[in-house]
Amino acid sequence: MKKVCVYCGSSSGRRPEYGYAARSLAKALTLRGIGLVYGGASVGIMGEIADAVLAGGGEVIGVIPQALVDKEVSHNGLTELNVVASMHERKQVMMDLSDGFIALPGGLGTQEELFEVLTWTQLGFHKKPCGLLNVEGYYDMLCSFLDHAVEEQFVKSHHREMLLAEDSPEKLLTMMEAY
Ligand code: AMP
């Protein structure tokens with residue numbers, strides 16, 4: 001993988017561990033020479049991971065719609081910032097630029113982005129790996145819900161298995177590279 005897209009909160013969350021995890025994922029990416037693609041904001045976990053990749057000398061590409069440039073305070077120190085026309089274009093550009101996708105803890109926007117990319121894998125529109133960095137068990141309930149959806153026969157087990165989950169960035173990236 002040359003570039004990985006990270007979906008994550010525009011908020012920082014309640015625990016400092018979420019920020020630590022963003023920084024340790026940033027370190028793991030830069031050590032492997034993998035560039036970061038993300039939503040281009042300077043706030044929350046989004047800003048935290050971008051700053052950490054830049055500080056480690058890595059490449060960061062931000063993709064942000066014009067309408068959010070002020071609201072999410074677009075980051076002005078990135079390797080590249082693409083200002084696009086809409087949320088849909090943002091997600092498409094982020095997907096096209098990236099060789100894999102990771103969700104860190106985040107809110108509704110993060111879930112929406114993760115599930116869109118997963119449904120595109122399910123439909124066979126791409127074959128890129130998708131992973132959850134399950135920091136402090138933040139995504140335990142989501143994983144249980146997906147298992148429940150398999151039990152209830154709304155999700156096929158091979159589709160459930162498309163979502164890799166780990167609590168360590170190193171392990172997650174290794175799984176994704178082997179995917
Ligand atoms: P959140 O996880 O809600 O803090 O949002 C994380 C990022 O997802 C932010 O950059 C939001 O702009 C973005 N986002 C929010 N809603 C959507 C959506 N419907 N589609 C794509 N991205 C979104």
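One-based numbering, in listed order, for ligands and for the atoms of each. Starting from 1, each residue takes its place in the sequence as its number.
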Solution key, residues 32-41 side-chain donor-acceptor pairs under 3.5 Å, sequence neighbours excluded:
{"unit_1": "Arg32", "atom_1": "NH1", "unit_2": "Glu177", "atom_2": "OE1", "d": "2.7"}
{"unit_1": "Arg32", "atom_1": "NH2", "unit_2": "Glu170", "atom_2": "O", "d": "3.3"}
{"unit_1": "Arg32", "atom_1": "NH2", "unit_2": "Glu170", "atom_2": "OE1", "d": "2.6"}
{"unit_1": "Arg32", "atom_1": "NH2", "unit_2": "Thr174", "atom_2": "OG1", "d": "2.9"}
{"unit_1": "Tyr38", "atom_1": "OH", "unit_2": "Ala41", "atom_2": "O", "d": "2.7"}

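- Within 4.0 Å of ligand 1, heavy atoms belong to protein residues Cys8, Gly9, Ser10, Met46, Leu68, Glu72, Met87, Arg90, Lys91, Gly106, Gly107, Leu108, Gly109, Thr110, Glu112, Glu113.
- Between Phe154 and His159, the distance separating the two ring centers is not shorter than 6.0 angstrom.
- Judged by distance alone, the side chain of Glu80 and the main-chain N or O of Val63 form no donor-acceptor pair under 3.5 Å.
- With salt bridges taken as basic N to acidic carboxylate O contacts below 4.0 Å, one links Arg90 and Glu72.
- A donor-acceptor pair is defined here as one N or O able to donate and one able to accept, closer than 3.5 Å; such a pair exists between the side chain of Thr119 and the backbone of Glu116.
- For the pair Glu113 and Lys91, the salt-bridge criterion is not met [side-chain N within less than 4.0 Å of a carboxylate O].
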